[in-house]
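Read the structure below first, then the notes.
In what follows, chains carry the letters A, B, and so on, assigned in the order in which the sequence lines appear, proteins first and then strands, with residues in each chain numbered from 1.
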Amino acid sequence: MLDLSRLNPPQREAVLHEEGPLLVLAGAGSGKTRVIIHRVARLIERGVRPERILGVTFTNKAANEMRERLKGLVGRTAHSVHLSTFHALGLSILREEYEAAGLSAGFSIYDTGDQMGLVRELLRQTRVADRRLDAYKILECILAAKRKRLAEVEFDTGDDYELAAYDLYPRYVEQMRAYNAVDFDDLLLRAMTALENQGVRARWSQRYDFLLVDEYQDTSPDQLELLQVLAARHGNVCVVGDDDQAIYAWRGAAVDNILSFASNFPGTREIILDQNYRSTSNILASANAVIKNNAARKEKVLWSALGEGEPVQIVACGTAEDEAEMVIETIGKLVYDGAKHDDIAILYRANVQSQIFEETLALQHIPFRVVGGQSFFDRKEVRDAVAFLQVAQNPYDEVALRRIINVPHRGIGATSVERLVQYGERTGKGLWHAMNNAGADIDLPPAARAGLQSFVDTFGPIARELKQATRGSLGVTAHKLFDALGLRQSIIDADESPNVTAKRIENLEHVTRALERFEGYTEASGPLLTEFLRVSALTRGDSEPEDEDEKKGKVTLMTLHSAKGLEFPYVFLVGVEEELLPHKRTIEMGLDFGEERRLCYVGMTRARKRLWMSYAKTRMRYGRLEPRTPSRFLDELPEPPVIERRDRESPPTEDEADAKADEFFAKMRATLGIEE
DNA sequence: GAATCAGCAGTTTTT
DNA sequence: CTGCTGATTC
């Protein structure tokens, strides 16, 4: 029998809710995951077959966490519940319904890197004059239009990016089709296309009896539509989220989904979880005071039974350097008083802000980790290796093919590539065909011709083998391919420092190991390589080797966006200044600070015991010292804020700085017990 | 091809 | 000021 005694009344109400739509407005730290897993367990207990329950999250991490916690309640049955991300759900649909979606069986999934490769290529082909435009910005414009299902890119600012995007949009769509590739957005958009077919729609609306959605405030219009289709038959859709934590509107999320859930799903029961189990009352009072200034929101006033705690500290600092010093000194005191480094987080609006904290922490020998940045799959050698697999799987994938046509160097220069591409276009049979039939039709230098021939001869047979690889042969075949093409050798030949070389070899081997592991875990019956590439495309972001060890004993540095969903006993929210939070772009472009305020709120509500919010009065930007204004959000805090001033009339002299560093260093060593 | 230079822009990133 | 990109050069 499921134990509901540890749930509070609204939590229990959400868990026990039977049929029909349910909206759970779960404030920060109010135990929403708890509610979801208990609800799933409850449904199973009431006789619902686990495979007819669908739980949707945004991240793999959240899905995995949910699965683990569910196991704690229902044991092995947890594996039968369909828990996945929205994108993985889209893929599940497309795997079965690709024909109705206008795809062929072996379609590839393009990640952001692949998409950028395509945009750069299109830029090269069509906008010779504008090559230096940032491909990513153009891609953003294209994707925004595509998500809205517009026929053309809409002009908003009318800048060069939008103009380029306007030209490239149709080409982008056309090429993706030619490559038999879909991007992340397409996983949902194409799934929706497939669901327009009556048979398909009937099949999928029959599939699940109960739906549960986490982080509903971050869902997009497409995701809403998908839910409506899946829930059409029964309306059993339970969504959990917090409109006050909606921080992804810029990526296509519609806050309106959660605000108008009841009108989208008639008969909705609404439950508010406002008891917070994370923070002290002082922290919540400040957070509540800030967020209440947002206009369109479901009002929630968070409270907790964890006591008043320390007041929130507002710290005015002379310069950004002072701010860093203040933070690091305070960390020293906290640690001296028994806090662990991994209890502490430094949160900021933009990644650039991490630099000064990284430097200062390193100087004081305080262990830290920076969350974000380049992921494993973005490393060159890994992307190259994966590109070989992509081409083996789908030779029409010309982004991957162009990436590796001359990797490692085999004498096929830019001009030769261009000729091959032209030939491929002219014949309409694509680059791969051109490469295999270079013969007499294409004018190539002898070196290029020889390189091409040897590539085709080596790659072709092993690629065929790889494509048909089954359990037990996928990893070894890939290894064979990498060796035959000399990937490993080229890393050694690059002759970088021994450390770097070793790391890159290790990264390459990691790919082979990932393939081997996949053979062991997958239940896929179809082509193994295809599935591996798809699954890996959807799990790239979080496959960073982030063990518990990686976090242990380290101060965490990350953006406010990355901090969502996490908590730390001690939080430093830094750079709480106009033009940073709210960000300059928001101030310049529109009038809606709502999302920036929510970001501030998300940051504040990460803190369990103590929260510092700091700003600098001057800050070096682009090489100039600029005066700064405290964020408007600070004015919204309950009076009287505690201001700790750390002004300095003039910058410290070198001697002062040295003396201070020495003193601090000695203190820190004593505190941490670190040897010189 | 690798090295160097000039020019430019400068948020956030679950998949 | 930095970091990246594409162009230029040897």
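Closest to the side chain of A/T559, out of B/dG10, B/dT15, B/dT12, is B/dT12. Closest to the side chain of A/H583, out of B/dT11, B/dT15, B/dG10, is B/dT11. Considering only side-chain atoms of A/E140, the nucleotide from B/dT15, B/dT12, B/dT14 that sits closest is B/dT12.
Here A/F58 does not lie in a stacked arrangement on the base of B/dT15, lacking the combination of planes under 30° and ring centres under 5.5 Å apart.
Note: CD (A/Q115) to C1' (B/dT13) measures 12 Å, nearest angstrom. To the nearest angstrom, C1' of B/dT11 lies 16 Å from CG of A/L139.
Using cut-offs of 30° and 60° for the angle between ring planes, the A/Y110 and A/Y179 rings count as tilted.
One N or O on the side chain of A/H583 and one on the backbone of A/R585 form a donor-acceptor pair closer than 3.5 Å. A donor-acceptor distance shorter than 3.5 angstrom exists from the side chain of A/N294 to the backbone of A/G594, with no hydrogens or angles considered.
Under 3.5 Å, the side chains of A/N394 and A/S108 contain a donor-acceptor pair of N or O atoms.
For the OP1/OP2 pair of B/dT13 and a distance below 4.0 Å, the side-chain nitrogens and oxygens of A/T112 include no atom meeting the criterion. Side-chain N/O atoms of A/K137 include one lying less than 4.0 angstrom from OP1 or OP2 on B/dG10. Distances shorter than 4.0 Å separate some side-chain N or O of A/H409 from OP1 or OP2 on B/dA2.
Going from the P atom of B/dT12 to that of C/dT5 covers 16 Å, rounded to whole Å. Rounded to a whole angstrom, the distance from the C1' atom of C/dG3 to that of B/dT14 is 26 Å.
The salt bridge (charged side-chain N to carboxylate O under 4.0 Å, His left out) with A/D114 is formed by just one residue from the set A/R403, A/R383, A/R120; it is A/R383.
Counting non-hydrogen atoms under 4.0 angstrom, A/N351 reaches the backbone sugars and phosphates but no base. Nucleic acid contact for A/F86: none, since no nucleic acid atom lies under 4.0 Å from a heavy atom of the residue. Backbone-only contact: A/R120 has heavy atoms under 4.0 Å from sugar-phosphate atoms and none from a base.
In this model, a side-chain donor or acceptor of A/R251 finds a partner on the base of B/dT15 within 3.5 Å. Applying the 3.5 Å distance criterion, the base of B/dT13 shares a donor-acceptor pair with the side chain of A/Y136.
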